[in-house]
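Here is the structure we will look at.
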Amino acid sequence: MKKNKKPNIPAFLLWEYDLETFNYDKSYKIVIERILQMGTINDWKEMMGYYPLEKILETIEWSAQLDKRDKDFSKFFLNSDMLYAV
């Protein structure tokens, strides 16, 4: 269940798009890939608060942008408690 109208992530992650009209639901794969590749821990938390874990994991599997190492790390990190550690 979504908590926010749109995820609050830095514009530089989606630099080539007009964020006034960008559809975060339709373009979720782009957003998720960018956050996994270049986002901060806060961006990851924002992503988790907006997209369901199943959708994020599905995107990781599908992605041609993420290499095996990035995919493995992302799955490990998302399924651990480290994201919300102090």
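- Salt bridge present: Asp72 and Lys68 bring a charged side-chain N and a carboxylate O closer than 4.0 Å.
- When atom types are taken as modelled, the side chain of Gln65 and the backbone of Gln37 share no donor-acceptor pair closer than 3.5 angstrom.
- Once rounded to the nearest 0.5 Å, the distance linking NZ of Lys29 with NZ of Lys55 reads 9.0 Å.
- For the atom pair CD (Glu46) and OH (Tyr51), the distance works out to 10.0 Å, reported to the nearest 0.5 Å.
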Take Met47 and Ile9 through the test side chain to side chain contact (heavy atoms under 4.5 Å, CB included) and record every step on the way to the result.
-> CA-CA 8 Å; Met47 171 184 69; Ile9 61 168; 6.0 Å; no
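- Checking Tyr28 against Glu58 by side-chain atom types alone, a donor-acceptor pair falls below 3.5 Å.
- Atom CG of residue Asn79 and atom CG of residue Leu53 lie 6.0 Å apart, to the nearest 0.5 angstrom.
- Other residues, nucleotides and ligands contribute more than 12 heavy atoms inside 6.0 Å of the CZ atom of Phe12.
- Met48 contributes atom CE, which lies 5.0 Å from atom CD1 of Ile56 (distance to the nearest 0.5 angstrom).
- Every residue two or more places apart in sequence or in another chain that forms a side-chain hydrogen bond (donor to acceptor under 3.5 Å, both in side chains) with Lys75 is listed here: Glu61.
- The distance from atom CE of Met38 to atom CD of Glu33, rounded to the nearest 0.5 Å, is 10.0 Å.
- Legend: residues meeting side chain to side chain contact (heavy atoms under 4.5 Å, CB included) with Phe22, ordered by chain and number and at least two apart, are Leu14, Tyr17, Leu19, Tyr24, Ser27, Val31.
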With side chain to side chain contact (heavy atoms under 4.5 Å, CB included) as the test, would you mind laying out the steps for Tyr50 and Asn8 before giving the verdict?
-> CA-CA 9 Å; Tyr50 189 80; Asn8 181 23; over 6 Å; no
Could you check Thr40 against Ile35 for side chain to side chain contact (heavy atoms under 4.5 Å, CB included), going step by step and ending with a plain yes or no?
-> CA-CA 7 Å; Thr40 66; Ile35 290 173; over 6 Å; no
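- Between Leu78 and Ile60 the shortest side-chain heavy-atom distance falls below 4.5 Å.
- Grouping the Ile, Leu, Val, Met, Phe, Trp and Tyr side chains by contacts below 4.5 angstrom, directly or via other members, places Phe73 with Leu66.
- We find that Glu20 and Lys6 are not joined by a salt bridge, their nearest charged nitrogen and carboxylate oxygen being 4.0 Å or further apart.
- Here the straight-line distance linking atom CH2 of Trp44 with atom CD1 of Ile32 works out to 11.0 Å at 0.5 Å rounding.
- Between the side chain of Ser63 and the main chain of Thr59, no donor-acceptor pair closer than 3.5 Å is present.
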